[in-house]
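Report on the structure given below.
The basis for the numbers below is simple: all heavy atoms, side chains too, and nothing from hydrogens, waters or symmetry mates. Counting starts at 1 for both ligands and their atoms, following the listed order.
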Amino acid sequence: MNYYSLHHKSPKSTFKNAVVQGLAKDRGIYFPDTITPLSKDFIENISEYSNHEIAYEVIKQFVGDEIPAEKLKKIIKETVSFDFPLVKIDDNIASLELFHGPTMAFKDVGAKFMSQCLEYFNQGNTDEITVLVATSGDTGGAVANGFLGAKGVNVVILYPSGKVSDIQEKQLTTLGQNITALEVDGVFDDCQEMVKTAFLDEEITKTLTSANSINVARWLPQMFYFFFAYKELQSKNKELVFSVPSGNFGNICAGIMAQKLGLPIKHFIASTNINDTVPTYLVEGIYKPKPSKATISNAMDVGNPSNFIRIQELFNNDLETLKDAFSSYSFTDDETRATMKDIYRNTGYVAEPHGAVGYLGLKKYGLKENEFGIFLETAHPVKFLDVVEDVLPVKVEIPEQIKKIINNKKVAFKASNYQDLKDFLMK
Ligand SMILES: *Cc1c(COP(=O)(O)O)cnc(C)c1O
């Protein structure tokens, strides 16, 4: 399968090259050359397939012959290693829980798939690949866990000192092996800036790549969730509406890809916090990135969502066509807290802030009689413990995955500026 750069100034790329490089040379993100719908028969009979079989059918055209079928199946087995329950909240709404993986964040799937692809593509090379990531909390843990032990791949995670939760910090700093944490004296934007500078620094000769959702191997496996949800649906008579809590818009863009592959989805809602670049664009027709603002759903504090350009491409860059199939709404922290309370009071369900924003999207859209709404719950409540226990009268039980690491010893290197990162990478 070939991929082209959405800046259209680089030659086409193989899947392998797109995974190893992350970004094209013209700094554009990659997009698949062709998207071939799956057979109607497969989609109509989806309940007869295992999650592993579904994932293989969904991803195989995007990998092509660059990974042998047997190896790709093995990668899928490692990646799809937990459940994705669809929990009914009321008559016409369910929560798709994506948080039952090793770090309890939905990014576990993309991180594992990408690490396994990189390891495969780099085998036999003497040079190691260095994956650089800046995290505001959630991504780092999933990447650290997903890449742990991947041969020939080193991971350097930059995080802002004192700005991630205790649990998140433990997830980043206690694994060892090929994972290194750099504790940056600054905020998330400083971490992001240092990573960007490193990518442009010609004195760094190591092969650097990024593990955020611009990478096709992290982005595409997220299509699986939407197929798994469809499989789980008891009745397939109603029209499906998905609301996706969105930050960089990678997850929702994968949902639209699933629709292109033939999954019968009627409408998408990108639900955001007050970082409302996309909702504003849909109203005003002008795309204006803004600096990000801090919220209680902080994994979505993104002012310039990097995957939105992929969504525009999927709709032929036509705003009117986009608006038919896609809505986007923005919600404040107060609305989010009030909704967490409402959901809990009415149904007993504990939603963390990102899921609550997703639920709000369905309410604002206003489901019709013949529609069924699914919102994606992207993190376990324990990942946002302070907010959840502050807003709801509950005590969140600490899951086994988290208990295992909570007493491990933190190891992190301090970095206060770009030179510190550079020294570290040139060692
Ligand atoms: C990353 C993340 C999101 C946003 O996902 P995108 O694909 O960047 O839109 C939402 N919720 C949680 C908990 C996340 O970690």
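- Residues Ala198 and Leu421 approach most closely at CB-CD2, 4.1 Å, considering heavy atoms.
- Contact record, Val19 with Thr209: O-OG1, 3.7 Å, taken as the closest heavy-atom pair.
- In this structure, atom 11 (N) of ligand 1 lies nearest to the protein heavy atom Thr378 OG1, 2.8 Å.
- Residue Phe106 places a heavy atom less than 4.0 Å from ligand 1.
- Counted by atom type alone, Arg310 and Asn307 present one or more donor-acceptor pairs between their side chains at under 3.5 Å.
- For ligand 1, the atoms lying closer than 4.0 Å to a non-hydrogen atom of Asn251 are 7 (O).
- Among protein heavy atoms, atom 8 (O) of ligand 1 sits closest to Asn248 N, 2.8 Å.
- A donor-acceptor pair under 3.5 Å links the side-chain atoms of Ser243 to the main chain of Gly358, judged by distance alone.
- With a 4.0 Å heavy-atom cut-off, ligand 1 is reached by the side chain of Asp138 but not by its N, CA, C or O.
- Listed by atom number, the atoms of ligand 1 under 4.0 Å from Ala379 heavy atoms are 13 (C).
- Looking at Asp318, its side chain does come within 3.5 Å of a backbone N or O of Thr321 through a donor-acceptor pair.
- For Ala299, no nitrogen or oxygen atom sits less than 3.5 Å from a nitrogen or oxygen atom of ligand 1, counting backbone and side chain alike.
- In this structure, Tyr3 and Tyr30 have perpendicular ring planes: the angle between them is above 60°, well past the 30° mark.
- When hydrogens are left out, the protein atom nearest atom 4 (C) of ligand 1 is Gly247 N, 3.6 Å; that is the closest non-hydrogen contact.
- Between Ala105 and ligand 1 there is no heavy-atom distance shorter than 4.0 Å.
- In this structure, Pro245 is part of the shell of residues with a heavy atom less than 4.0 angstrom from ligand 1.
- Interface of Gly250 with ligand 1, defined as ligand atoms under 4.0 Å from a residue heavy atom, comprises 6 (P), 7 (O), 9 (O).
- Taking the six-membered ring where the residue is Trp, Phe308 and Phe326 present tilted rings, their angle falling between 30° and 60°.
- Thr277 contributes no side-chain N or O that, together with a main-chain N or O of Pro289, makes up a donor-acceptor pair within less than 3.5 Å.
- Among all protein heavy atoms, the one lying closest to atom 1 (C) of ligand 1 is Lys107 NZ, 1.4 Å.
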